Number of protein chains: 2
Amino acid sequence: MAPSSSDAPSPLPIDLLVIPSAIVPIEPAGAVLPDHALAVDAGRIVAVLPVVDALARYAPRERRDLPQHVLLPGLVNAHTHAAMSLMRGLADDLALMDWLQNHIWPAEGSHVSRAFCLDGVRLSAAEFIRCGITCANDMYFFPDASAEGFADAGLRAVVSLIVLDFPSAWASGPDEYFAKGIALHDSLRGNPLVRTIFGPHAPYTVGDAALRKTRAYADELGIGIHMHVHETEFEVADAAQRTGKRPWERLKDLGLLGPDFIAVHMTQLTDPEIAEAAQYGVHVAHCPESNLKLASGFCPVQRLLDAGVNIAIGTDGAASNNDLDLFGEMKTAALLAKGVARDAQAFPSTRALHAATLGGARALGLDGEIGSLVPGKAADFIAVELSAPHLQPVYNLISHLVYAAGRGDVSDVWVAGRALMRDRRLLTVDEDAVVANARQWRTRIRPS
Amino acid sequence: MAPSSSDAPSPLPIDLLVIPSAIVPIEPAGAVLPDHALAVDAGRIVAVLPVVDALARYAPRERRDLPQHVLLPGLVNAHTHAAMSLMRGLADDLALMDWLQNHIWPAEGSHVSRAFCLDGVRLSAAEFIRCGITCANDMYFFPDASAEGFADAGLRAVVSLIVLDFPSAWASGPDEYFAKGIALHDSLRGNPLVRTIFGPHAPYTVGDAALRKTRAYADELGIGIHMHVHETEFEVADAAQRTGKRPWERLKDLGLLGPDFIAVHMTQLTDPEIAEAAQYGVHVAHCPESNLKLASGFCPVQRLLDAGVNIAIGTDGAASNNDLDLFGEMKTAALLAKGVARDAQAFPSTRALHAATLGGARALGLDGEIGSLVPGKAADFIAVELSAPHLQPVYNLISHLVYAAGRGDVSDVWVAGRALMRDRRLLTVDEDAVVANARQWRTRIRPS
């Protein structure tokens, strides 16, 4: 007699089944899925489905039960200078230009090298993973070192092909910045985790010729552009006075603006500029803690949202923050937007969490790949443990993730299905070595 | 032959010697003392001295080596509603009056009881200790429950003898609020950890008669006054329109202002009001995250400091924050003040750390007892571990504590020489029970 069970399909072997207390997939917006599991195979999300169905359908090679945890997409840090973590706290309580010209640039002039950048990125990689960041949009010298450091840690990253008019340890001028950047881009073709983006530093450090070239090469290579724009009132007023044009208008005239353009900071915006940002499909990387610390101004987040502009969130570098904690940054962004808009309903928690995940992915052109937990996307996700006293009780899981949870609650991190942190232990970064290296750089940069 | 060692005094027995990598005593301002130890006996600080001297001078019953840690005074949470942690996240992304009238007050009307308050305070006590808070200035119904909850946890606290014109589960009206408050005050006489302060809720909830009585009783009992003042623009404009007086002026006319008065929030201030705050010696409890979340306005912290006003920092209640993390609040306060003042040098890290420790102690009239690590004061102190990646490298320990460290870095907490947390394990609170109770309240408050 044939067994009747032969009618039921046999369970499908997959790499990993994670069973948390709930899943916040980001898509659909606002969804909270209790009693759901996440199925992963070959680095991709296979399904988000009720636990009972998952147990019937799959035969996972690894099963991970996280009954006190919520799963969500890994956070996307939309703007950072990872290597600068070695200058964390080097010069605090100073305005942007004083901080840059009298402290950061001289220290960079003396110490930045490929070794500095690699050690700095490794330190930041450890911090990113501990904070639940699975993808970073990085801008700094030696982007080849950034690519190496992120890839070694198993993190996803977009590294900027930095462009400046002035020389640095990385390149002598625009021609060499472009040449080295394009060579790096070519060397990273096919890399599963690291991509490139052009990174002309800022309107006040890159001239028209290099900006025109940036647009031409970006179109040719099919990659985006990532730039500091309207960070401070001074910078905007100074340009307007010298040239008769605000930087935004100049970027528009040079053809830089478009749906592949990430404008970082954007604290000084007129109503027409906000409308144009929406019209061109520009993405804004909002870095509230850096803007506050350097007293740069307030990004009008809710007005940008109302106009239809995509908002992403970045920590900026650790030298102006001074951490790389996107949970903290997301909370600050959600709180500050309310104060700035004088409206307690501004930038609500669902929007803030979207900005820190899918909004960042969209800015980077990676929203088909990451930013939400839907089948087919890469398995970049994190577990947040809900058992600490500061997370009791839970009424609204999404506002909880924004207003109450923090970096310390992140317990597990996966990128492309690979575990980078398990039960708060880092698996891809030698934390002791990273910390020891950072301490050595400390004594070199400021002997005492 | 008499041994020459008889000339050296024999080591003095003391309870505890803690040997960290450095001590930040808060007094003198800006001091960082590497290779120093903290000597404690009978609940008080005996000495802060070089390790070599400490080892020669003392024979501690317990010696604690914390080579990766910095010691600093326990943080003072200058304004909170501890029991409200049971409503953490109950209603988010709403303006103050909507939040209060349509969500918080109805929930309080249905659920607040002595049992609710005791369980809420116990939950908050666990969070306070984990966040390095050793003293809280609390205002809520059933202050007797608060006193019990804090005392059981071994925390220092000042509980408000709350006064309102309208009835609550705690009292039927002003007469009963005063009677019960004064009875509680009497019952706490001689309590080593818990003191009292009058807590008339706000100008818009307490009439002139009860405010006059508050001042009279405060003088008679020699205790201070703790009140929400100028939290929102609406409240100030509404009072001015109805009565012809801004609330500040009314409080001044009623004789409430003085060096025993803690004004909480203070987001709406004219220049003369700032000058008067200094002149009367009023203390400001600044709650930046709550002010942002409810879009209440910005407290002009640097202008108050410039006028000579003492600034303290509070988390407010967890229902409008949504955590009780004074490390996070201190960072937000330091960052936001710069944005508001448009000056990156505003409220620098030394001042922010002072506000979260000695400034809070001073506001509570406890600066002779706590707030800095000097001999004779109570041994209320915490250890912050510096080994995480997000704390590398260390250039400036004080700015590091404000801008980079967080609640998760607090490893050990002592109050009056008693350990409340050791290596991140709570010693005086049953964390499992506290969390389980919170979850039960969750299902009662919002069955789902």
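Because only heavy atoms are used, hydrogens play no part in the values below, and waters and symmetry mates are left out as well, while side chains stay in. Below, read A as the first sequence line, B as the second, and so on, with proteins coming before strands; counting in each chain starts at 1. Worth saying up front: this structure is predicted, and the values here are computed from it rather than measured.
Contact of B:A91 with chain A is not made at all, since no heavy-atom distance falls under 4.5 Å. Only the backbone of A:A405 comes within contact range of chain B, judged by heavy atoms closer than 4.5 Å. Looking at A:R130, the atoms closer than 4.5 Å to chain B (heavy atoms on both sides) all sit in the side chain, from C-beta outward. Only the backbone of A:V394 comes within contact range of chain B, with at least one heavy atom under 4.5 Å from a heavy atom of that chain. With a threshold of 4.5 angstrom between heavy atoms, B:I129 does not approach chain A through any atom at all. Contacts of A:L294 with chain B are made by backbone atoms alone, with heavy-atom separations under 4.5 Å and no side-chain atom involved. Looking at B:H400, the atoms closer than 4.5 Å to chain A (heavy atoms on both sides) all sit in the side chain, from C-beta outward. Both the backbone and the side chain of A:S349 come within less than 4.5 Å of a heavy atom in chain B. Neither the backbone nor the side chain of A:Q440 comes within less than 4.5 Å of any heavy atom in chain B.
Comparing B:V434, B:D409, B:L86, B:L426 by heavy-atom pairs within less than 4.5 Å of chain A, the highest count is held by B:L86. Chain B forms more heavy-atom pairs under 4.5 Å with one residue of A:A126, A:P389, A:P288 than with any other, namely A:P389. Contact count versus chain B (heavy atoms, under 4.5 Å) is highest, among A:T332, A:N291, A:D325, A:I445, for A:I445. Your options are B:A438, B:P348, B:P393, B:G339, and the one with the most heavy-atom pairs under 4.5 Å with chain A is B:P393. Of the listed residues (B:W441, B:F347, B:F298), the one with the most heavy-atom contacts under 4.5 Å to chain A is B:F298. Comparing B:L335, B:N321, B:V340 by heavy-atom pairs within less than 4.5 Å of chain A, the highest count is held by B:L335. Note on B:E233, B:K331, B:M87: by heavy-atom pairs under 4.5 Å with chain A, the leading option is B:K331. For the set A:E431, A:E127, A:R407, the count of heavy-atom pairs under 4.5 angstrom toward chain B peaks at A:R407.
Here the shortest heavy-atom pairing between B:A295 and A:A344 reads CB-N, 3.3 Å. Closest non-hydrogen pair, B:N396 versus A:G89, comes out as CB-O, 4.2 Å. Of all heavy-atom pairs between B:S387 and A:V435, the closest is O-CG2, 3.9 Å.
The OH atom of A:Y403 lies 15.0 Å from the CZ atom of B:R88; values are rounded to the nearest 0.5 Å. If you take OG1 on A:T350 and CG on B:D92, they are separated by 11.0 Å, rounding to the nearest 0.5 Å. Atoms CZ and CG, from A:R351 and B:D93 in turn, are 12.0 Å apart once rounded to the nearest 0.5 Å.
No side-chain donor-acceptor contact under 3.5 Å links A:K293 to the backbone of B:K338. Between the side chain of A:R439 and the backbone N or O of B:Q392, no donor-acceptor pair lies under 3.5 Å.
A heavy-atom distance below 4.5 Å is found between the side chains of A:L336 and B:L336.
Counting heavy-atom neighbours within 6.0 Å of B:R342 CZ, excluding the residue itself, gives a total of 12 or less.
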